[in-house]
Amino acid sequence: MPVRVVESSAPSQVSGGNSGNTCPQPCTLLSVGQAFSGTQNVSSLQKDEAWRVNVRIQGCDLDHGYLCGTMEALNVPMADTPVVTFWEGEIVDTKNYTFFTGKWEATPEDDIRHWSKFPSFSPLQNQVEADGGKSLDLSNYPYIFMRWKELYFVNVGTDCGLTIAGFYYVCFSCSDGSINGFYYDPNSSPFQKLELKSTNEGRPGFSFSAYELQ
Amino acid sequence: MPSSVSPATSASRPSTDLVARLSSSDLQVQLKALRDIKNQIIGNRTKKLTFIKLGAVPAVASVLADAFDAASCCASSSDLVVQSAAALGSFACGVDAGVRAVIDAGALPYFVRLLSSSDEKVVDSGARSLKMIYQSKLAPKYDFSEKVNMDFLLSLLNSENENVNGLGAGIITHSCETSAEQKVLCDNGVLLKLIDFLEGSISQRDASLESLASVMKDNTEVTSKFVEYEGGRALNLLVKLTSERSTRTRLLACACLIIIRNVSPGYLKGKGIETKLICYLLELLEEPGQVGDEASFTLSSFIEDKEDLQKLAFDANAIDLLCTHLQKDLLQPQRLEGILLALAHICSRLEVCRAKLLPMQAFDSVNDALRHDCADVRAAACMCMRSVSRSVQNLSAGFFMNEKIVLPLLQLLHDPTLSVQLAALRAISNIVVDFRTRKSSFVRWGGVKQLVQLSMSMNPSIRSNSLWALKNLTFDADNKCKEGVYGELTASSLASLIGDPEPPVQEQALALVRNLIDGSLDSVQYVFAEDSIVLDAVGRQLQRASTAEVGMQGMYVLCNVASGGEVHKDAVMDQLLRDTKNSSSPFITQFLQSNDSRLRTASVWVVVNLTTPSCRGVSSRIGKLRNAGIISQLKNMVNDPCLDVKLRVRTILGQYMTFGDS
């Protein structure tokens, strides 16, 4: 007999006595080895353009709000080969990182303007505007917010005509593993949208690998 | 009165002759021989071993016994007692063979009897020699629970003679290990006596500091008594001793404060002591000899597994200072080992520390130390490599996968010392994660062959660690690399490792299979080879899984198989429902009820894949899952406290409503 699924995933505010963990919980779809593919819209006033993008998670350390991996842009016009970059992510967990970036030329207004483009951010917005979201309990929220910052080009030189000066505001859905993001760089087209879906190398199901550092 | 012989003369005198003279009936000849032997062996390990081989120790012990009985009637006998006791003490100093020989010669009861002498010199000699014995691990354990022993110990601590006090403290340092022993010592007033000594002479202070460390180690009750003593007076004394002139006292006081901090960080909070301790220990690294050698080990014991203190050490410029020492020429092995260990601990958790060490020239010295003659140094260098290779950023950049680093580590897999082998395996485990396409280099250098050989070792730690390395190697690896591992390991060995008697080996073997069959769908075939020998082994192990970790890895293997087509999914169904005809519930039902959310997560993913709507045979599989009670168990989990489990259960029930309930 089917039963009703209880909807209880709205973020709650931490009460004074709550000593439990309020950070996002681990999600297998956002674990090491997981791959995503999709597009980044790089359209400008002159022309519509989207690059195909593959992402792979290489490291995840929730205690430190850390995530890292590679991003591969496939049909970049000025590059002969796919361009691979290594990025590091800050997970907004209200412990290690808040919704406010505080660096990379992003003001709190830039932050709110980008976060609020994600529909899943709207239940949090008031609290974030009040205290940066420090009092939010994100442990049962089915979305994980992150900032991804590319650090270096893996397979091309810095003279490739591309820039990694900016960073991404990212929202990950724990339910289906989809990723939405917006690239922010004051010197690039605003709100370049990144849309990725969890991939399974052509399998009709989910497969998971893992490594453990000693 | 006889005078001592000059070293030149004594060196030329044959050792056998000297030993023979110990049996002379002339007391003066005996005394001279004793002095000669004593002068030759002081600080000379080789000479000590030579004389021990010649049977000098029982001969000297015999002189002591005879002289002790006669000592009350003549001064010469008293001299013989002092000299023979001193010689025996010297044999025992820093040489295990000497300690064993002195104990075997039955000298200990005589040393104890010397302590009751009215002659202060005799008492001193007995106390010093006994103290030498108790500095060795070979010394007999002192039983504090015997009243007579405790009374004797208290008499030593209450003596007016500092050497006797030092002996008492030495016995505590040697024998106090358990919390029961710490408690009985504390209950009998030993703690207060040791606190008194903190204000005594240098020798009393140092002896007390060492004993206090033993009495308080990992013991909350005793430590809180010490900390709360007279409103913190004892603790303040200890802090004061960290600025003493004597470097040995400073080191021991630091070690004692670290023991207190390790019991409860709160005791030292707000005093700013933690940073000071790190700075004091870094200063003490400059000292020659034992103090400088021990300072790095003490620093390691302070920062090990404590990220906050590792950060403080980093801020105190510890990496630069340690690296400066590391690059000095002709470092003694113990000092080199200590510095490498300290670097290993500082870099164990924080990327900022690794980022500092890796580009430094001193990192070459860490690499060189992998080839050092001393096993402890090689093990410490491996630990340092292991710590720095935890850097995902550098692994991703392929920093470690090169001949200069990997080849010496591979050589250490054959090291005669087990601890070195294990340390090398752990470093290799990290390095092979290498996310770039350089895993093939590791295969080319023969790494896979060696790891597979070690996975058959008789030692379970070697087996599990070599499988761990193979697991990491196959993570995100291309088909060629996986084929290399699978071909070397073979399906039958893999199946037997999955059924290993040791759970850590089972866990790593299952995790290796999980990675082998991830990636391209073709790789799933590995578990179906040789009549599905591997898949059957997985199913059997899951039925009797002894730990949550084994269950979790096994379920991920099934999950990855079930991510394939209909044949794969049906094979997983067979494993899930095997042996359930005799009304026993399938193992997955127990896993779904586990307290470990990781095991529940792995289990629900298996069902997600089995109930994927787009795949043929889904209705039949859903029917079987329902009949086995698995669907009704999942319905109880819609509010699982683990979000990941809750979301997957929601997916499964959605799929069930589409196909299974029709």
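Proteins get letters first, then strands, A, B, ... in listed order; numbering begins at 1 in each. Every value quoted in this text rests on a predicted model; they were computed, and no experiment measured them.
Top candidate by heavy-atom pairs under 4.5 Å with chain A, chosen from B:Leu395, B:Asn430, B:Val392, is B:Asn430. Ranked by heavy-atom pairs under 4.5 Å with chain A, the list B:Ser387, B:Cys615, B:Ser520 is led by B:Ser520. Interface summary for chain A: among B:Gln393, B:Lys569, B:Lys471, B:Arg386, the most heavy-atom pairs under 4.5 angstrom belong to B:Gln393. If you tally non-hydrogen atom pairs under 4.5 Å between each of A:Ala35, A:Ser139, A:Cys174 and chain B, the highest count goes to A:Cys174. Among the candidates B:Thr651, B:Leu647, B:Asn560, the residue making the largest number of heavy-atom pairs closer than 4.5 Å to chain A is B:Asn560.
Only the backbone of B:Ser389 has a heavy atom closer than 4.5 Å to any heavy atom of chain A. No part of A:Pro24 comes within reach of chain B, as not one of its non-hydrogen atoms sits under 4.5 angstrom from that chain. Contacts between B:Ile517 and chain A at a heavy-atom distance below 4.5 Å involve the backbone alone (N, CA, C, O). Both the backbone and the side chain of A:Glu212 come within contact range of chain B, each with at least one heavy atom under 4.5 Å from a heavy atom of that chain. Of the atoms belonging to B:Ser396, heavy atoms from both backbone and side chain fall under 4.5 Å from chain A. Contact of B:Arg598 with chain A is not made at all, since no heavy-atom distance falls under 4.5 Å. No part of B:Ala427 comes within reach of chain A, as not one of its non-hydrogen atoms sits under 4.5 angstrom from that chain. Residue B:Glu566 does not touch chain A at all, counting heavy-atom pairs closer than 4.5 Å. Only the side chain of A:Phe86 comes within less than 4.5 Å of a heavy atom of chain B; its backbone N, CA, C and O stay farther away. When heavy atoms are compared at a cutoff of 4.5 Å, A:Val84 does not approach chain B at all. Using a 4.5 Å cut-off between heavy atoms, A:Cys27 touches chain B through backbone and side chain atoms alike. In this structure, the portions of A:Gln58 lying under 4.5 Å from any heavy atom of chain B include both its backbone and its side chain.
Within the 4.5 Å cutoff, no side-chain heavy atoms of B:Val513 are placed close to those of B:Tyr526.
For A:Phe145 and A:Trp115, the gap between ring centers is short of 6.0 Å. Checked against a 6.0 Å centroid threshold, the rings of A:Tyr169 and A:Phe99 do not count as neighbours. You'll find the ring centres of B:Trp605 and A:Phe208 inside the 6.0 Å limit.
One finds the CG atom of A:Asn155 at 9.0 Å from the OG1 atom of A:Thr85 (value rounded to the nearest 0.5 Å). Taking CH2 of A:Trp148 as the reference point, atom CD1 of A:Ile91 lies at 10.0 Å (rounded to 0.5 Å).
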### Message
For A:Leu162 and A:Val83: C-alpha separation, side-chain torsions, deciding distance, then whether side chain to side chain contact (heavy atoms under 4.5 Å, CB included) applies.
### Response
CA-CA 9 Å; A:Leu162 298 161; A:Val83 178; 3.6 Å; yes
### Derivation and outcome, salt bridge (Lys or Arg N to Asp or Glu O under 4.0 Å), residues A:Glu201 and A:Arg56
CA-CA 12 Å; A:Glu201 314 233 9; A:Arg56 189 174 284 272; 3.1 Å; yes
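Taking a cutoff of 4.0 Å between a charged side-chain nitrogen and a carboxylate oxygen, A:Glu90 and A:Arg147 qualify as a salt bridge. Between B:Lys482 and B:Asp478, none of the side-chain N atoms (NZ, or NE/NH1/NH2) sits under 4.0 Å from a carboxylate O, so this pair counts as no salt bridge.
Here the shortest heavy-atom pairing between B:Ile462 and B:Leu454 reads CG2-O, 3.6 Å.
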